[in-house]
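Structure, as structure tokens:
Chain A is the first sequence line, chain B the second, and so forth, proteins listed ahead of strands; every chain is numbered from 1. Quick caveat, the model's predicted, so the values are computed rather than measured.
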Amino acid sequence: MLRELFGGRPVRVTSPQGRFAAGASLLDGGTVVTAEAWGKQLFVGFAAAPSASVPQEPVHWLRVHLGLYGAWTFAGDGSTDVVHAIGAPRRRIGERDSLPAPVPTPGEWVPPAPRGAVRARLLGPHAVADLTGPTACEVLTPVEKAGVEARLGPDPIRPDGGRASLDAAREAFVARARRSRVTVGQQLMDQAVIAGVGNIYRAEALFRAGVDPLRPGRDVPATALAAVWDDLVVLMRDGADTGRIVTTRPEHRSGPADGGAADARRRTRQNSDGDPGAVPPEQAFSVYHRDGQPCRVCGAPVLLKELAGRNLFWCGVCQG
DNA sequence: GCTGCATGATGAG
DNA sequence: TCATCCTGCAGCA
């Protein structure tokens, strides 16, 4: 999307909040030539100057990691149809903040003032992207970027998994997880083991595979780990497509009487919540944030335990 | 107005 | 294992 919004033309890069001022000045006036993701990291490639014919190799890479509360919010003149936000904003520019209505004459579009603590702002002729609250926002050289990527595990969303092939990526994940007696629950959160999995996918993928998250990685059968990988390939790509995480199987989604529905809505808001066609938020997860409620499959109460500083949710029966 | 919480990661001890 | 970084918002007074 950043490519669509800003690609090919010089982009103004600023740091309204000020904490990214030095990096912004390095990028300001450059051209976005590519944007790619590896796990939770976003890399935006900037070429120094626009050029009509010569293919542009990035000289700077903007590395962004949203972390827990980082978010992108987007606004534009309406000439490009984009989502309003990515990440953890409880607001959407297009909803509450209400953008200036699409201007009939795009040339006169004026970007809205930055709202909140905007670390970085990318501004093109027709659109603006504001970054708030990231864990990481820095400018890297191509060599530094390669160094970051070398430390990341395979990524189920990437077409080749970030390895020679998707099969090779799966094998790398399985072998790495079975190398250690660290619990598989912790390993799924380790970006060097597998990139891109967070607390939701960790809990949900292990539930779907019937794997006990507290089991040491080396004791989990390779077939089970391979199944977890294959499942994550489907789940995470679907999530990337829809901008929304849904991990329940249709037959396990309960009706409106589902306990804790309001609670689930409050605790994890996602894109397109409220969309009549979408799976309602209180039915999107099997175990995540469902502690104390009955397992959708067996009825046993969903368990909660703090593991390495993060909440782990699982069913002690289905994942026993 | 204040407090606590959140889909993360890092560094000290 | 803990503190710390960072931000916005729901839930409270």
Pairs under 3.5 angstrom, nitrogen or oxygen only, protein versus nucleotides 10-13 of chain B, please.
none

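We find that CG of A:D130 is positioned 11 Å from P of C:dG8, with the value rounded to whole Å. At whole-Å resolution of the value, CH2 in A:W72 and P in C:dT7 are 15 Å apart. One interatomic measurement links the two molecules: CZ of A:F313 to C1' of B:dT7, which rounds to 11 Å at whole-angstrom precision. Atom-to-atom, CG of A:L68 to C1' of B:dA9 comes out at 9 Å; the value is rounded to the nearest Å. The distance between atom CD of A:Q191 and atom C1' of B:dG8, rounded to the nearest whole Å, is 8 Å. The nearest whole Å value for the distance from the CZ atom in A:R244 to the P atom in B:dT7 is 17 Å. Atom CG in A:L307 sits about 8 Å away from atom P in C:dT1, given to the nearest Å. Put simply, CG on A:L312 is 12 Å from P on B:dT7, counting in whole angstrom units.
Spacing between C:dT1 and B:dT7 at atom C1', rounded to whole Å, works out to 22 Å. Using atom C1' as the reference point in both C:dG8 and B:dT10, the two lie 22 Å apart (nearest Å). Rounded to whole Å, the P atom of C:dC9 lies 22 Å from the corresponding atom of B:dA9.
The phosphate of B:dA9 has OP1 or OP2 within less than 4.0 Å of a side-chain N or O from A:K40. Between A:H65 and B:dG8, a side-chain N or O to OP1/OP2 separation shorter than 4.0 Å is absent. Between A:R310 and the phosphate of B:dT7, there is a side-chain N or O to OP1/OP2 separation shorter than 4.0 Å.
When side chains are defined from C-beta on, A:V279 counts as touching A:R244, because their heavy atoms get closer than 4.5 Å. Between A:V148 and A:W38 the shortest side-chain heavy-atom distance does not fall below 4.5 Å.
In this structure B:dT7 sits in no base pair that meets the Watson-Crick or G-U test at under 3.5 Å.
Comparing C:dT7, B:dT7, B:dA9 by their closest approach to the side chain of A:T132 singles out C:dT7. Comparing atom distances between the A:R115 side chain and each of C:dC9, B:dA9, C:dG8 picks out C:dC9 as nearest. Closest approach to the A:Y288 side chain among C:dC9, B:dG8, B:dA6 is made by B:dA6 (side chain taken as heavy atoms from C-beta onward). When each of B:dA9, C:dT7, B:dA6 is scored by its nearest atom to the side-chain atoms of A:R119, the top-ranked nucleotide is C:dT7. The listed nucleotides are C:dG8, B:dA6, B:dG8; the one nearest the side chain of A:N311 is B:dA6.
Using a 30° and 60° split on the angle between ring planes, A:Y288 and A:F285 fall in the perpendicular class, above 60°.
The two atoms that bring A:E144 and A:V139 nearest to each other are OE1-O, 4.2 Å, heavy atoms only.
Counting any heavy atom pair closer than 4.0 Å across all strands shown, A:R19 reaches sugar-phosphate atoms only and no base atom.
For A:R215, the side chain to side chain donor-acceptor pair (under 3.5 Å) criterion is met by no residue, not counting sequence neighbours. Listed by chain and number, the residues in a side-chain contact (heavy atoms from CB on, under 4.5 Å) with A:A240 are A:I157 (sequence neighbours excluded).
Under 4.0 Å is where a charged nitrogen must lie from a carboxylate oxygen, and between A:R115 and A:D130 no such pair does.
No donor-acceptor pair under 3.5 Å is formed between the side chain of A:T132 and the backbone N or O of A:V118.
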